[in-house]
Amino acid sequence: MHGNLTHHLEIKGACAAYGKVPVLKGVDLTLGKGEVVALIGPSGSGKSTVLRMLMGLTPPSAGEIRLDGESVDYRKSSNVRRVRDRIAVVFQQYNLFQNMNVLRNVTIAPLKIKKRPNAEVVADAERVLAKVGLADKLKAYPDELSGGQQQRVAIARALCLNPEILLLDEVTSALDPELVNEVLDSIRTLAAEGMTMLIVSHEMAFVREVATRVIFMDDGLVVEAGAPKDIFDNPKTKRAKEFVGKILRH
Ligand SMILES: Nc1ncnc2c1ncn2[C@@H]1O[C@H](COP(=O)(O)OP(=O)(O)O)[C@@H](O)[C@H]1O
Ligand SMILES: [Mg+2]
């Protein structure tokens with residue numbers, strides 16, 4: 001028997017550690033097709049580690065992760081490859097190749113790693129760059145772009161891998177305030193198109209607007225999960241109350 005197929009992604013009792021230091025202590029989380037789940041919580045609560053664990057960068061030490069009902073064995077490189085074929089991640093630091101133009105940055109992985117045909121990859125790249133509002137920047141180099149534009153290139157680069165699930169880790173946190181909204185707009189577009197996403201964000205108004213569900217983490221555990229209005233307007237646990245109170249006050 002396979003797991004519940006309505007869940008695209010299912011994390012059950014997942015633990016992860018950096019060396020001997022336990023960081024995730026039994027995380028449960030589900031992500032349905034087309035859902036936008038927001039992961040919130042204090043700094044150090046383990047949000048980034050959840051995303052790193054899913055990508056096999058910090059593999060789980062216990063628990064289970066299922067993709068479309070199929071258990072992933074992170075000790076097997078074939079399983080890790082399969083996960084990375086289906087899930088893409090964008091981090092706060094966009095890490096574009098400075099010596100390559102926008103088109104090259106977006107196409108290099110599908111061409112070199114996935115060995116897909118050039119014409120097809122370039123067509124995909126043009127499509128995803130248009131989606132993030134950068135159709136006129138194909139030939140630009142990263143240092144000719146604003147931080148918001150560079151982060152949108154990073155999102156396009158992830159989309160060009162044709163992921164089924166997109167993970168976004170505080171992708172607006174390093175940006176000047178006036179550049180945040182253009183990046184959020186790109187994510188809004190993806191959400192409206194039904195992209196399945198797991199988003200770590202401190203932009204609470206944005207989370208409230210786009211998230212189908214909000215998951216509050218603290219100290220390596222999911223403390224509370226629910227609809228955005230439940231978590232923001234009526235948090236049940238003391239820790240969620242404190243966090244939401246602090247973050248909504250400024
Ligand atoms: N590379 C690392 N080595 C050791 N400890 C780490 C490393 N990365 C993160 N941690 C620790 O793991 C905990 C969770 O970190 P993280 O997942 O980055 O939290 P968040 O994204 O919620 O701020 C923190 O206590 C952090 O100090
Ligand atoms: Mg983090």
Side-chain angles (χ1 to χ4, degrees), residues 9-31 36-65 72 74-75 80 83-84 87-95 147-148 150-151 154-155 158 163 165-177 179-180 183-184 187 197-208 210-211 213-226 228 231-232 235 237-250:
L9 177 71
E10 198 171 3
I11 304 178
K12 267 193 184 160
C15 299
Y18 292 107
K20 286 207 163 79
V21 183
V23 171
L24 301 183
K25 302 168 181 174
V27 168
D28 296 317
L29 185 160
T30 60
L31 186 60
V36 178
V37 170
L39 216 46
I40 65 167
S43 176
S45 57
K47 306 177 299 293
S48 295
T49 306
V50 169
L51 305 193
R52 293 176 52 82
M53 174 181 73
L54 287 172
M55 297 309 289
L57 299 167
T58 305
S61 53
E64 190 170 34
I65 295 170
V72 181
Y74 282 90
R75 291 162 302 188
V80 173
V83 163
R84 291 180 187 167
I87 308 179
V89 61
V90 182
F91 293 107
Q92 179 179 327
Q93 298 302 340
Y94 20 86
N95 295 324
Q150 292 189 55
Q151 188 57 284
I155 292 171
I165 301 174
L166 186 62
L167 312 177
L168 302 174
D169 194 356
E170 296 197 36
V171 293
T172 60
S173 295
L175 301 177
D176 291 332
L179 302 177
V180 166
V183 175
L184 297 184
I187 305 170
M197 291 188 276
L198 183 57
I199 299 180
V200 178
S201 178
H202 293 303
E203 300 287 339
M204 292 301 148
F206 174 72
V207 164
R208 186 190 279 265
V210 301
R213 248 171 342 113
V214 176
I215 291 176
F216 171 71
M217 280 185 71
D218 195 14
D219 196 20
L221 283 169
V222 171
V223 174
E224 203 169 324
I231 302 290
F232 292 127
T237 59
K238 183 166 173 282
R239 284 188 284 178
K241 271 190 189 117
E242 279 169 8
F243 178 76
V244 166
K246 262 183 220 154
I247 205 146
L248 294 183
R249 235 180 287 128
H250 59 239

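For ligands, and for the atoms within them, numbers begin at 1 and follow the listed sequence. Just so it is clear, the model here is predicted, and its values are computed rather than measured.
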Trainee: Nearest protein heavy-atom contact for atom 22 (O) of ligand 1: which residue, which atom, what distance?
Mentor: Lys47 NZ, 2.7 Å
Trainee: For ligand 1, indicate whether the residue Val23 contacts it via side chain, backbone, both or neither (heavy-atom separation under 4.0 Å).
Mentor: side chain
Trainee: Just by modelled atom types, is the Thr30 backbone N or O under 3.5 Å from a matching donor or acceptor in the Arg213 side chain?
Mentor: yes
Trainee: Among protein heavy atoms, which lies nearest atom 19 (O) of ligand 1, and at what distance?
Mentor: Gly46 N, 3.2 Å
Trainee: Determine whether a donor-acceptor pair (N or O, by modelled atom type, separation under 3.5 Å) exists between the side chain of Glu224 and the backbone of Ile231.
Mentor: no
Trainee: Check whether any protein heavy atom sits under 4.0 Å from atom 27 (O) of ligand 1.
Mentor: no
Trainee: For atom 18 (O) of ligand 1, what's the nearest protein heavy-atom neighbour? Residue, atom name and distance, please.
Mentor: Ser48 CB, 3.7 Å
Trainee: Hey, which atoms in ligand 1 end up nearer than 4.0 Å to a heavy atom of Pro42?
Mentor: 22 (O)
Trainee: Tell me the protein heavy atom at minimum distance from atom 15 (O) of ligand 1, and give that distance in Å.
Mentor: Thr49 OG1, 3.8 Å
Trainee: Pick whichever of Ser43, Ala17, Gly44 has a heavy atom sitting closest to atom 25 (O) of ligand 1.
Mentor: Gly44
Trainee: Whether the side chain of Glu64 engages the backbone of Gly13 through a donor-acceptor N/O pair (distance < 3.5 Å, no angle test) should be reported.
Mentor: no
Trainee: For the backbone of Asp28 and the side chain of Glu10, can you confirm whether one donor and one acceptor N or O come within less than 3.5 Å of each other?
Mentor: no
Trainee: Please find out if the Mg ion (ligand 2) and some N, O or S atom of Gln92 are separated by less than 2.8 Å.
Mentor: no
Trainee: Could you check if a side-chain atom of Met55 sits within less than 4.5 angstrom of a side-chain atom of Ile87, using non-hydrogen atoms only?
Mentor: yes
Trainee: Among Leu167, Thr58, Leu24, which one satisfies side chain to side chain contact (heavy atoms under 4.5 Å, CB included) with Arg52?
Mentor: Thr58
Trainee: Keeping the roles fixed (side chain from Lys47, backbone from Pro42), state whether a donor-acceptor pair exists under 3.5 Å.
Mentor: yes
Trainee: So for Gly41, does at least one of its heavy atoms come nearer than 4.0 angstrom to any atom of ligand 1?
Mentor: no
Trainee: Can you tell me which residue and heavy atom of the protein come closest to atom 5 (N) of ligand 1, and the distance to 0.1 Å?
Mentor: Tyr18 CD1, 3.4 Å
Trainee: Which atom names give the shortest non-hydrogen contact between Leu221 and Lys25, and what distance separates them?
Mentor: CD2-O, 3.3 Å
